[in-house]
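For the numbers below, each heavy atom of this structure counts, side chains included, while hydrogens, waters and symmetry mates do not. Numbering of ligands and ligand atoms starts at 1, following listing order. Small disclaimer: the values here were computed from a predicted structure and weren't measured. One-based numbering along the sequence shown.
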Amino acid sequence: MRIFVTGASGYIGGSVAAALQQASHQVLGLVRSPGNAELVRALGIEPVLGTLDDGALLARLARDADAVVHAADADHRSAVDAMLAALAGSGKAFIHTSGSSIVGDQAWGEASGKTYEDETPFTPGPGRTARVAVNQRVLAAAREGVRAAVVSPSLIYGPGRGAHRESIQVPRLAALARKSGVARHVGRGENLWSNVHIDDLADLYLRVLAHAPAGASYYAESGECSMRRLCEAISRALGWDGRTQPMSKDEAIAEFGAGPAAYTYGSNSRVRATRARRELGWAPRHDALLETISG
Ligand SMILES: NC(=O)c1ccc[n+]([C@@H]2O[C@H](COP(=O)([O-])OP(=O)(O)OC[C@H]3O[C@@H](n4cnc5c(N)ncnc54)[C@H](OP(=O)(O)O)[C@@H]3O)[C@@H](O)[C@H]2O)c1
C-alpha cells in the first residue's frame, strides 16, 4: 500500500513509518524541514515538505494515498478536517493518534482506583475537551465512508525507530532530575500511568491498518506504574540511591506548564487495551518500563 504519514520525523510517526516501510509498504512522510527530509529519506521514506496548516496539501496527499496515519499532533483540528474531507466515501483507512491523557484527572500526585477500557465513558477535563472533540470527529468519519480509527497511546518508552528517537515523559523527568540533582514527581507521586513500548505501539498501528473496523478506538498499554516509582528508577539510572522529591502544584506548573502538569505528570491515566488484544490479536512483548530505565 501507499501510505501517507504525518509526523514522519517524530517519535511515534517515525517509528510507525519505519515499521510500515519494513512491512513493504510505500511510505510518504510529511516533514517540516529539509534536514528532516534527509533523515526520513535515509530510512526509506519519501519526504514531502509541508505543515499541518496546509489543508490543500494534506487533502491531496491523503487522496493520493491508500491509507493515512496521522501522528504529528493530537490536537490539530483543521488538519484532521482536511484529510477526512478528502477521504470521504473512499473506504480508506485513517488512523489518528490521540493520547491516554484524555482520561487524565487532576489528582496532583494522588492515586486513583479508576481504570478505563476502550468503551468506558468519561468526561474529559477542560484541558482535554478539544482533544476529545478531535477524536469524536475522527470516529464520526466512519459514517462518511472512511475506515477511521483512533489510537490513544499511554506513556510510551523505548528508542524510536525514526529520526527522532526520544519519547516525552521519561526523558523530560530525567532532564529535570539532572537539573535538580534529585528525581522529582508531582505531589506524592502516587499517581499511576499506563505505559507501552514503542515497538509494541508500532505493531498496533500495523494491526489497526490491516484489520480495524471503521469507527474503532484503541488504548495502547501493557503495564502501569506510579510516577514515584518511575522517578525512583530514573534516580537509580543516574547512579543515585533511588531517592525522590515531591514538587508542589505551583512548582509543577512552573516546570512543565499548566496542561502537562495537570494532565500528564500529576494525573492518573490508567487505561486497559482490552479491545486491541481482543479484536486485533495485539500481544505486546514488552512490559518492563522500570527495568528499561534502570538498565
Ligand atoms: N510520546 C508519547 O509518550 C505520547 C503518548 C501519547 C500521545 N502522544 C501524542 O502523539 C503526538 C506525537 O507525539 P510524538 O511523541 O511522536 O511527538 P514528536 O516526537 O514531537 O513528533 C511530532 C512530529 O510531528 C511533526 N509536527 C508537529 N507539528 C507539526 C505541524 N504543525 N506540521 C507538520 N509537522 C508537524 C514534528 O515535526 P518537527 O520534527 O519538524 O518538529 C514531528 O516530526 C503528540 O500530539 C503527542 O501529544 C505522545
Spell out, as yes or no, whether a donor-acceptor pair under 3.5 Å connects the side chain of W282 to the backbone of D200. yes
Looking at S112, is its backbone amide N or carbonyl O close enough to the side chain of R270 to form a donor-acceptor pair, meaning the two atoms are under 3.5 Å apart? yes
Proximal ligand 1 atoms for N36, defined as those under 4.0 Å from one of its heavy atoms: 38 (P), 39 (O), 40 (O)
I want to know whether H197 and Y157 have ring centres closer than 6.0 Å. yes
Nearest protein heavy atom with distance in Å, relative to atom 43 (O) of ligand 1: S9 OG, 2.6 Å
Verify same cluster id: L206, L280 (apolar side-chain graph, 4.5 Å): yes
Identify, for atom 7 (C) of ligand 1, the protein heavy atom at the shortest distance, and state residue, atom and that distance. S98 O, 3.1 Å
For atom 23 (C) of ligand 1, what is the nearest protein heavy atom, given as residue, atom name and distance? G7 CA, 3.6 Å
Per-atom filter on ligand 1: closer than 4.0 angstrom to a heavy atom of G99 are 6 (C), 7 (C)
Show the atoms of ligand 1 that are less than 4.0 angstrom away from any heavy atom in T97. 10 (O)
Do L204 and Y219 come close enough that some side-chain heavy atom pair is under 4.5 Å? no
With a cut-off of 4.0 Å, which atoms of ligand 1 are near a heavy atom of G10? 19 (O), 21 (O), 23 (C), 42 (C), 43 (O)
H211 side chain to P213 main-chain N or O, any donor-acceptor pair under 3.5 Å? no
Compare all side-chain heavy atoms of L84 with those of R137 and state whether any distance is below 4.5 angstrom. yes
For ligand 1, which part of S100 has a heavy atom less than 4.0 Å away: the side chain, the backbone, both, or neither? neither
Can you find a protein heavy atom under 4.0 Å from atom 17 (O) of ligand 1? no
Going by distance alone, is a donor N or O of one side chain under 3.5 Å from an acceptor N or O of the other, for N191 and N268? no
for atom 32 (N) of ligand 1, nearest protein heavy atom and its distance come out as L52 N, 2.9 Å
Ligand 1 to D73, heavy atom cutoff 4.0 Å, flagged ligand atoms 45 (O)
Looking only at heavy atoms, is any part of S33 under 4.0 Å from ligand 1, and if so is it the side chain, the backbone, or both, or is it neither? neither
Just to confirm my output: which protein heavy-atom neighbour is closest to atom 10 (O) of ligand 1, and how far is it? I12 CD1, 3.4 Å
Tell me whether the rings of F122 and Y116 are parallel (<30°), tilted (30 to 60°) or perpendicular (>60°). perpendicular
Among all protein heavy atoms, pick the one closest to atom 2 (C) of ligand 1 and tell me residue, atom and distance. I156 CD1, 3.4 Å
A student checking ligand 1 against Y11 at a 4.0 Å heavy-atom cut-off should list atoms 1 (N), 15 (O), 16 (O), 18 (P), 19 (O), 21 (O)
Atoms in ligand 1 flagged as close to I168, the criterion being non-hydrogen separation under 4.0 Å: 1 (N), 2 (C), 15 (O), 48 (C)
Suppose I only count heavy atoms of A74 and a 4.0 Å limit; which atoms of ligand 1 are within that range? 45 (O)
Which residue and non-hydrogen atom of the protein lie closest to atom 1 (N) of ligand 1, and at what distance in Å? S167 OG, 3.1 Å
Contact between ligand 1 and S154 is defined here as a heavy atom of the residue under 4.0 Å from a ligand atom; is it met? yes
Whether the side chain of S226 engages the backbone of R229 through a donor-acceptor N/O pair (distance < 3.5 Å, no angle test) should be reported. yes
Test side-chain contact (heavy atoms from CB on, under 4.5 Å), reference S235, set L230, I293, D241, output is D241
Counting non-hydrogen protein atoms only, what is the nearest one to atom 36 (C) of ligand 1? Give residue, atom name and distance. R32 NH2, 3.8 Å
Check whether any side-chain heavy atom of Q26 lies under 4.5 Å from a side-chain heavy atom of I3, and answer yes or no. no
Between ligand 1 and D53, is the shortest N or O to N or O distance under 3.5 Å? no
E221 and R277 ion-paired at < 4.0 Å: yes
